[in-house]
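Inspection log for the structure reproduced underneath, given as structure tokens.
FYI, side chains are in, hydrogens and waters are out, and symmetry mates aren't considered; it's all heavy atoms of this structure. Everything numeric in this text was worked out from a predicted model, so none of it was measured.
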Amino acid sequence: MKSDELFALLRRRGVLWPSAEIYGGAQGLYDYGPLGTALKRRIEDTWSAWFLGLSEDYHLIEPAEILPEAVVRASGHLENFTDPEVSCDSCHAVFRADTLLETVRPEGVDGLSAARIGTILAESSISCPSCGKRTLSVPRPFNMMFGLDFGVTGDERVYLQPETAQGSYLAFARMWDVGRHALPLGIAVIGRAYRNEIAPRQVLFRMRAFTQAELQIFFDPAAFPVPFDSVRQEELPVLRVPARERGQESPERVSAEKLVESGLPEFYVYHMVQSYRFYRDVLKYPADAIRLFEKSDAERAFYNRIQFDVEVHLESLGGYKELGAVHYRGDYDLTRHGQGSAKDLSVTAKDGHRVLPHVLELTFGVDRNLWALADTHLVRDGDRSVWKLPPYLAPVALGVFPLLRKEHTAYARALTAELARDGISVEFDDAGTIGKRYARMDEAGTPYCVTVDGGTVASEGAERGTVTVRLRDTKAQERVARNDLASRIRSSLQPPRPSG
RNA sequence: GCGGGCAUAGUGUAGUCUGGUAUCACAUAGGCUUGCCAAGCCUAUAACUCGGGUUCAAAUCCCGGUGCCCGCACCA
């Protein structure tokens with residue numbers, strides 16, 4: 001489906017829509033409706049079950065979303081998240097000042113302040129790459145962070161977090177104290193991040209407020225033991241830098257073992273495999289639509305030593321899109337926050353030596369994955385639309401219908417209430433015909449529908465107290481005793497966990 | 001930010017050139033009928049992106065704003 005068509009469908013079904021719609025919308029902001037909210041929760045719960053399931057020492061926390069200025073200064077966001085921009089007074093094209101400067105300054109611009117870049121630019125009298133005239137403006141800073149006035153006087157500067165990771169780094173020292181004083185220690189956060197994107201586009205892919213699920217694993221670079229044998233034979237669809245430089249776009253299948261032989265650390269490959277399994281086996285993206293895209297030195301943030309993006313091919317957006325990533329960030333974060341806070345963030349490892357932990361970061365874009373799950377799992381099957389979500393992701397697990405509105409409604413309503421009390425996400429529907437109800441549920445991704453009919457409510461006979469269960473993907477039906485319903489479907493509603 | 005295109009019920013559309021308050025389908029709600037896969041009939045709800053201008057009269061013509069799409073740039 002095209003992006004427009006898919007967005008129209010999601011809007012129509014109340015999955016999501018533009019924020020402040022009645023005022024014309026606000027660029028880059030979206031609201032989730034009932035189905036979208038439920039689906040997003042399930043995605044988050046499913047992510048937690050998998051990634052926190054990797055180790056007993058991986059924990060979920062919820063840091064504040066607002067960061068004091070000192071934090072973003074230390075993290076580098078105040079400086080690096082600010083792009084000095086110049087525009088051309090003749091043709092109004094906009095450029096990044098530092099990129100422009102690199103064209104005349106082969107030694108690079110690393111470490112230069114925005115003001116210094118401006119001075120050099122002015123002296124070098126560069127002409128506009130677009131129209132050729134020498135009418136470039138002075139650089140002005142453009143920071144992608146939202147700044148806020150904080151406190152009563154409003155003169156204290158704070159920022160909405162541009163990524164959720166910072167909260168984990170800030171919490172590390174406390175988490176060390178409240179925990180078992182052991183590395184590796186994992187800190188997971190599911191939260192909103194905010195970026196003042198210049199041009200929000202493609203619905204959920206470039207938002208100004210979005211949800212990230214991230215796991216920061218703090219470890220001793222001298223020893224990060226992982227059960228590598230459990231992933232050794234797994235073949236990963238990787239697209240590595242040398243292949244990319246040859247113009248290749250499709251991934252090659254390479255075993256975890258071979259990746260380690262090529263120089264990647266075992267702990268890195270292990271977590272890349274577990275991430276890959278999450279996308280393939282849990283979210284169930286088609287295996288041939290996934291690729292692990294290695295970022296080159298130039299593309300990575302400078303503190304990332306190794307970076308593979310997890311990309312999935314999306315028809316709606318016409319290509320591979322980044323849904324998550326695995327970053328080896330070294331000791332950059334704790335070094336910077338150690339300096340910024342003047343606190344020693346190193347810890348004493350089991351064998352007694354002091355160590356400043358390194359960080360392996362697993363990131364996951366919740367909104368992007370929600371979109372991707374619609375793109376890849378919402379399919380046309382003949383004349384019906386079916387959202388083939390795994391049962392544990394479905395916003396509504398079960399639909400309950402009376403076959404005859406007059407005769408079976410009371411029974412069906414009672415059954416609905418009973419299943420809801422059992423903790424199953426259930427929806428009653430008696431509108432229109434039975435076929436319409438099935439179709440509506442198919443489109444919402446509901447995996448099971450039960451129908452109360454004459455046999456169910458009969459005072460005697462073999463079908464007394466049984467209902468038909470109809471499966472979304474096959475349309476197959478089966479008679480099940482109502483008392484067995486909850487136990488029959490419950491296990492399929494549990495998000496999978498890694499098995500070792 | 002720049003350039004181009006687009007904007008009509010919940011969704012998709014006709015009408016715009018050539019001004020006279022809006023077509024059809026699906027969806028939604030209610031009813032009849034039917035009773036396990038979007039059937040049929042009746043009824044109802046429901047729209048001209050916003051603001052200004054021209055005109056007796058604007059969905060239609062003019063100006064501006066907003067949003068969306070495509071390309072460029074941007075995406076720590």
> Out of B:A27, B:C68, B:G12, which nucleotide sits closest to the side chain of A:Y30?
Replying inline: B:C68
> Of the candidate nucleotides B:G35, B:C36, B:G67, which contains the atom at the shortest distance from the side chain of A:Y438?
Replying inline: B:C36
>> Against the six-membered ring of A:F150, is A:R157 placed for a cation-pi contact (under 6.0 Å from the centre, within 45° of the normal)?
In response: no
>> For A:A431 and A:E299, find the nucleotide of RNA chain B closest to each by heavy atoms; which residue's nucleotide sits nearer the 5' end?
In response: A:A431
> Roughly, in whole Å, what's the span from CZ in A:R437 to P in B:A27?
Replying inline: 15 Å
>> For B:U21, give the paired nucleotide (Watson-Crick: N1-N3 plus N6-O4 or O6-N4; G-U: N1-O2 and O6-N3; both under 3.5 Å), or none.
In response: none
>> On the nucleotide B:C68, are OP1 or OP2 found under 4.0 Å from the side-chain N or O atoms that A:Q27 carries?
In response: yes
> Do NZ/NE/NH1/NH2 and the carboxylate oxygens of A:D297 and A:R300 come within less than 4.0 Å?
Replying inline: yes
>> Looking only at the side chain of A:K406 (C-beta and beyond, no hydrogens), which of the listed nucleotides B:U33, B:C36, B:C69 gets closest?
In response: B:U33
> Taking the six-membered ring of A:F7 as reference, does the NZ or CZ atom of A:R11 fall below 6.0 Å from its centre and within a 45° cone about the axis?
Replying inline: yes
> Is A:L404 touching bases, backbone alone, or none of the nucleic acid, heavy atoms closer than 4.0 Å?
Replying inline: base
>> What's the separation between atom CE in A:M144 and atom CZ in A:R208, rounded to the nearest 0.5 Å?
In response: 9.5 Å
> Among residues 443-469 of chain A, which residues get a heavy atom nearer than 4.0 Å to RNA chain B?
Replying inline: A:T451, A:D453, A:T468
>> Looking at A:R12 and A:E443, is there a salt bridge between them, counting it only when a charged N and a carboxylate O are closer than 4.0 Å?
In response: yes
> Does B:G3 have a Watson-Crick or wobble mate here (both distances under 3.5 Å), and if so which one?
Replying inline: B:C70
> Is there a Watson-Crick or G-U wobble partner for B:A14 with both distances under 3.5 Å, and if so, which one is it?
Replying inline: none
>> Just to be sure I understand the rule, does A:F205 reach a base, reach only the sugar-phosphate, or reach nothing, if contact means heavy atoms closer than 4.0 Å?
In response: nothing
> Atom NE2 of A:H408 and atom P of B:U34: how far apart are they, to the nearest Å?
Replying inline: 14 Å
> Should B:C61 form a Watson-Crick or G-U wobble pair with both distances under 3.5 Å, which nucleotide is its partner?
Replying inline: B:G53
> If the P atom of B:G52 is compared with that of B:U13, how far apart are they to the nearest Å?
Replying inline: 29 Å
> If we take the C1' atom in both B:A58 and B:G1, what is their distance in whole Å?
Replying inline: 34 Å
>> Students often get this wrong, so: under 4.0 angstrom with heavy atoms, is A:S19 touching a base, only sugar-phosphate, or nothing?
In response: nothing
>> Pairing donors with acceptors under 3.5 angstrom, does anything connect the side chains of A:D309 and A:Y320?
In response: no
> A:E407 has an atom CD; how far is it from atom C1' of B:U34, in whole Å?
Replying inline: 13 Å
> How far, in whole Å, is B:G10 from B:G51 if one measures between their C1' atoms?
Replying inline: 26 Å
>> Counting only Watson-Crick pairs (N1-N3 plus N6-O4 or O6-N4) and G-U wobbles (N1-O2, O6-N3), all under 3.5 Å, who is the partner of B:C41?
In response: B:G31
>> So that I can tick it off, tell me whether A:E299 and A:R244 are bridged by a salt bridge, with the cut-off set at under 4.0 angstrom between side-chain N and carboxylate O.
In response: yes
> What's the CZ-C1' distance between A:R384 and B:C36, to the nearest Å?
Replying inline: 13 Å
> What's the CH2-C1' distance between A:W387 and B:A38, to the nearest Å?
Replying inline: 19 Å
> Of all the choices, B:A27, B:C69, B:C36, which nucleotide is nearest to the side chain of A:K436 once you look at every atom?
Replying inline: B:A27
> Is the count of non-hydrogen atoms from other residues, nucleotides or ligands lying under 6.0 Å from A:E69 atom CD greater than 12?
Replying inline: yes
> Rounded to the nearest Å, what distance is computed from the CZ atom of residue A:R380 to the P atom of nucleotide B:A38?
Replying inline: 16 Å
> Can you tell me if A:R437 uses its side chain to pair, donor with acceptor, with the backbone of A:A431 under 3.5 Å?
Replying inline: yes
>> If I take atom CZ in residue A:R13 and atom C1' in nucleotide B:G12, what distance separates them, rounded to the nearest angstrom?
In response: 17 Å
> If you pin A:R206 and A:R470 to their nearest nucleotides in RNA chain B, which one's is more 5'?
Replying inline: A:R470
> Does A:R405 put a side-chain nitrogen or oxygen below 4.0 Å from OP1 or OP2 of B:C32?
Replying inline: no
>> If the cut-off is 4.0 Å, is A:R440 near the phosphate of B:C37, judged by side-chain N/O to OP1 or OP2?
In response: no
> Hey, is the side chain of A:K475 poking within less than 4.0 Å of OP1 or OP2 on B:C36, counting only N and O atoms?
Replying inline: no
> A:R12 has a side chain; which of B:G10, B:A38, B:C36 sits nearest to it?
Replying inline: B:G10
>> In whole Å, measure the gap between the P atoms of B:C17 and B:C6 for me.
In response: 15 Å
